[in-house]
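Since the structure is predicted, the reported quantities are computational estimates derived from the model, not experimental observations.
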Amino acid sequence: MSQEWMIDVLIDLHKFAKKNNLGQLVEQLQDTIQIATAELENFAQKDDVVGAYDTQTGTVYRTNQF
């Protein structure tokens, strides 16, 4: 079973927090997305999609895990 829904939820929460200037929550969710991505890599299959956080731009996005 794909676990990408979990990253999707975290990314949606991150976007909401960022849009509403919830700075501490934005930072916490960035950390949470990174941790969840690392943890879920154990479950990832070749074409699963996982989240990533770009520290340079402050952008959270989805990437293909190959």
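Under the 4.5 Å side-chain heavy-atom criterion for grouping Ile, Leu, Val, Met, Phe, Trp and Tyr, Ile35 is not connected to Met6 through any hydrophobic cluster.
Across Ile7 and Ile33, no two heavy atoms sit closer than the pair CD1-O, 4.5 Å.
By the side-chain contact (heavy atoms from CB on, under 4.5 Å) test, Asn20 pairs with Phe16, Leu22, sequence neighbours left out.
Of the inter-residue distances, the one linking Glu27 atom CD with His14 atom NE2 reads 9.5 Å to the nearest 0.5 angstrom. For the atom pair CG of Leu40 and CD of Glu4, the computed distance is 10.5 Å after rounding to the nearest 0.5 Å. Distance check, rounded to the nearest 0.5 Å: CG of Leu10 to CD of Gln34 gives 12.0 Å. Here Leu25 contributes atom CG and Thr32 contributes atom OG1; the two are 8.5 Å apart, rounded to the nearest 0.5 Å.
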